[in-house]
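Have a look at the structure below before the remarks.
All figures in this text were calculated on a predicted structure; none of them were measured in a lab.
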Amino acid sequence: MYISKSIREIGLIAAVGLCSILLFSCKHSAEVKHDTMGETFKDAFKDKFYIGVAINRRQALQKNEKETTLIKQYFNSISPENDLKWENIHPSQGIYNFDPADSYVKTGTESGMFIIGHTLVWHSQTPDWVFTDEQENLLTREELLNRMKDHIDTVVSRYKGKIKGWDVVNEALNEDGSLRDSKWRTIIGDDYIEKAFEFAHAADPEAELYYNDYNLYKTEKRSGAIKIVNSLKEKGIPIKAVGEQGHYNLDRASLQDIEATIQDFIKAGVNVNFTELDVSVLPEANADATADVANSEAYKEDLNPYVEGLPAEVEDRLAQRYGSIFKLFVKYEKHIDRVTFWGLSDADTWLNNWPVRGRTNYPLPFNRDYTLKKEVAKAILDAAK
């Protein structure tokens, strides 16, 4: 059949126009797909506390546009997963690797976020050279104090006025509330914690300083953290808040225990932040319920039941759990400065590989494809009301 040139041209133009409309529609739908709730976490809680997220190096470098958009849209505080830990930023004596941390700080600064420094003094992810001389002999107390001070001065001063809060000391306690026998403690003594806070305050007097640990919902361990707080306060050393990491699961850490944690730190004269929040949906791999990164358990199939996807009934339990926890946070909003999820999505969570490598966990509000778990998000947003 013969079709005139003009008609063919009209048809071609119409087809191109339709394709353009469809492409725009698809693109627009993709851009707003994650925002179907109408309100984001940071907006919902803007008058209560910061809503933060821990970001990895790829996200700090803004390599993925979708990730970058979600981070900026949903959160107003960021924490670095690894790039401010000693082994990454100060891998060798006299050698600092600032580039990744600079990118992290730049990402937060561009979006006007409350930027967290994590962490200055920790027994883990600290290179062995920190504690030894050139002959690999352990340093003296004064030598290690000087090394600690040099590190804190250098790192904190570099980001003075940009990083607003520092996890000065991380995970210094055993489960019974006693001080962990780390090399920091065995070489320097119990006052290594006080010294770290002194050095951090001197490097940036305006920065908020925190002690950070897991399982503070347990009475014995919390009592150890309160002793640290009291000791610092008695000596006039500033501490703004204690960070309860909040690595929970669907059952562990009752609401009563979490509330008691908040109340006890209020009595101690500090705020309590929830700094590494996630809720595992998988079976416990050990009876200790510890969040020590050194812990490792063997893979068993019964410890990884949701390889094909999260059942709806389990996701409902996760939503109920998050809703209950956030309602508690709102109840004590005057004493909580920040709630931070430890990872952007289920694809990023450390719980896929800890304490059992190769599991499929679902502990965060965003799925692996960066879409929201709608019921989880709704429960969190409803708590703000």
For A285 and P355, the nearest pair of non-hydrogen atoms, with its separation, is CB-CG, 3.8 Å
Is atom CD of E301 surrounded by more than 12 heavy atoms (other residues, nucleotides or ligands) closer than 6.0 Å? no
Would you say the side-chain atoms of Q62 and E67 include a donor-acceptor pair closer than 3.5 Å? no
Which of K160, K164, K162 passes side-chain contact (heavy atoms from CB on, under 4.5 Å) with D204? It is K160
With distance as the sole test, does S254 use its side chain to make a donor-acceptor pair with the main-chain N or O of D257 at under 3.5 Å? yes
side-chain hydrogen bond (donor to acceptor under 3.5 Å, both in side chains), paired with R180, selected from N174, D213, D292: D292
How far apart are the C-alpha atoms of N88 and Q125, what are their side-chain angles, what is the distance that settles it, and do they pass the side chain to side chain donor-acceptor pair (under 3.5 Å) test? CA-CA 8 Å; N88 288 328; Q125 290 181 251; 5.9 Å; no
Pair E375 + K378: basic N to acidic O under 4.0 Å: no
Can you name the closest pair of heavy atoms from L381 and A44 and give their distance? CD2-CB, 3.5 Å
For residues N249 and E284, is any side-chain donor paired with an opposing acceptor at under 3.5 Å? yes
Carefully, step by step, assess D153 and S157 under the rule side chain to side chain donor-acceptor pair (under 3.5 Å). CA-CA 6 Å; D153 284 350; S157 297; 5.3 Å; no
So, T68 and Q59: side-chain donor and acceptor under 3.5 Å apart, yes or no? no
Scan side-chain atoms only and decide if E315 and Q320 contain a donor-acceptor pair under the 3.5 Å cut-off. no
Are L250 and F326 connected in the hydrophobic side-chain network, where two residues link if heavy atoms are under 4.5 Å apart? yes
One thing to verify: whether E313 and R317 come together as a salt bridge, which I'm taking to mean a side-chain N less than 4.0 angstrom from a carboxylate O. no
Quick check on the 6.0 Å ring-centre criterion: do H123 and W184 meet it? no
Please identify each residue that fulfils salt bridge (charged side-chain N to carboxylate O under 4.0 Å, His left out) with K331, with sequence neighbours left out. E259
May I have the step-by-step check of side chain to side chain donor-acceptor pair (under 3.5 Å) for Y306 and E308, ending in yes or no? CA-CA 5 Å; Y306 309 130; E308 301 301 322; over 6 Å; no
Looking at S77 and F114, would you say the former's side chain and the latter's main chain have a donor-acceptor pair under 3.5 Å? yes
Residues E194 and Y192: side-chain donor-acceptor under 3.5 angstrom: no
Above 12 or not: heavy atoms from other molecules or residues under 6.0 Å from NZ of K42? yes
I'd like to know if the side chain of E143 and the backbone of T140 have a donor-acceptor N/O pair within less than 3.5 Å. yes
Tell me whether V293 shares a hydrophobic cluster with Y248, the cluster being built from Ile, Leu, Val, Met, Phe, Trp, Tyr side chains joined at under 4.5 Å. no
Cation-pi check for Y362 against R368: NZ or CZ below 6.0 Å from the six-membered ring centre and within 45 degrees of the axis, yes or no? yes
Heavy-atom closest pair (S345 atom, Y370 atom, distance to 0.1 Å) is OG-CE2, 3.3 Å
Quick one: does NZ or CZ of R158 land under 6.0 Å from the six-membered ring centre of F98, within 45 degrees of the ring axis? yes
Side-chain donor-acceptor contact under 3.5 Å, N82 with K85: yes
Check A101 against Y159 and note the closest heavy-atom contact, atom names and distance. CB-OH, 3.2 Å
May I ask you to check whether H118 and W342 place their ring centres under 6.0 Å from each other? yes
Using modelled atom types and a 3.5 Å cut-off, is there a donor and acceptor pairing between side-chain atoms of T126 and backbone atoms of W86? no
Using a strict 4.0 Å threshold on nitrogen-to-oxygen distance, state whether K327 and D382 make a salt bridge. no
Determine whether the side chains of N352 and N361 contain a donor N or O and an acceptor N or O closer than 3.5 Å. no
Under a 3.5 Å threshold, yes or no: a donor from one side chain and an acceptor from the other, between T349 and D346? no
Distance-only donor-acceptor check, side chains Y96 and H90, under 3.5 Å: yes
Distance alone, cut at 3.5 Å: any donor-acceptor contact between the side chains of D278 and W350? yes
Check: N215/E175 side-chain N/O donor and acceptor closer than 3.5 Å: yes
Please report the closest heavy-atom contact between T119 and V168, naming both atoms and the distance. OG1-O, 4.0 Å
Which pair of heavy atoms, one from Y299 and one from G358, lies closest together, and at what distance? CE1-O, 4.0 Å
Between F329 and F45, is the gap from one ring center to the other below 6.0 Å? no
Any link between I226 and L232 through a network of hydrophobic side chains (Ile, Leu, Val, Met, Phe, Trp, Tyr) touching at under 4.5 Å? yes
Is there a chain of hydrophobic side chains (I, L, V, M, F, W, Y, each step under 4.5 Å between heavy atoms) that links I51 to L277? yes
Pairing donors with acceptors under 3.5 angstrom, does anything connect the side chains of W122 and E171? yes
Can a side-chain donor-acceptor contact be found between E244 and T275 if the only test is distance below 3.5 angstrom? no
Considering the options K235, R141, R185, which one meets the salt bridge (charged side-chain N to carboxylate O under 4.0 Å, His left out) requirement together with D191? R141
Close aromatic pair by centroid cut-off 6.0 Å: F366 and Y74: yes
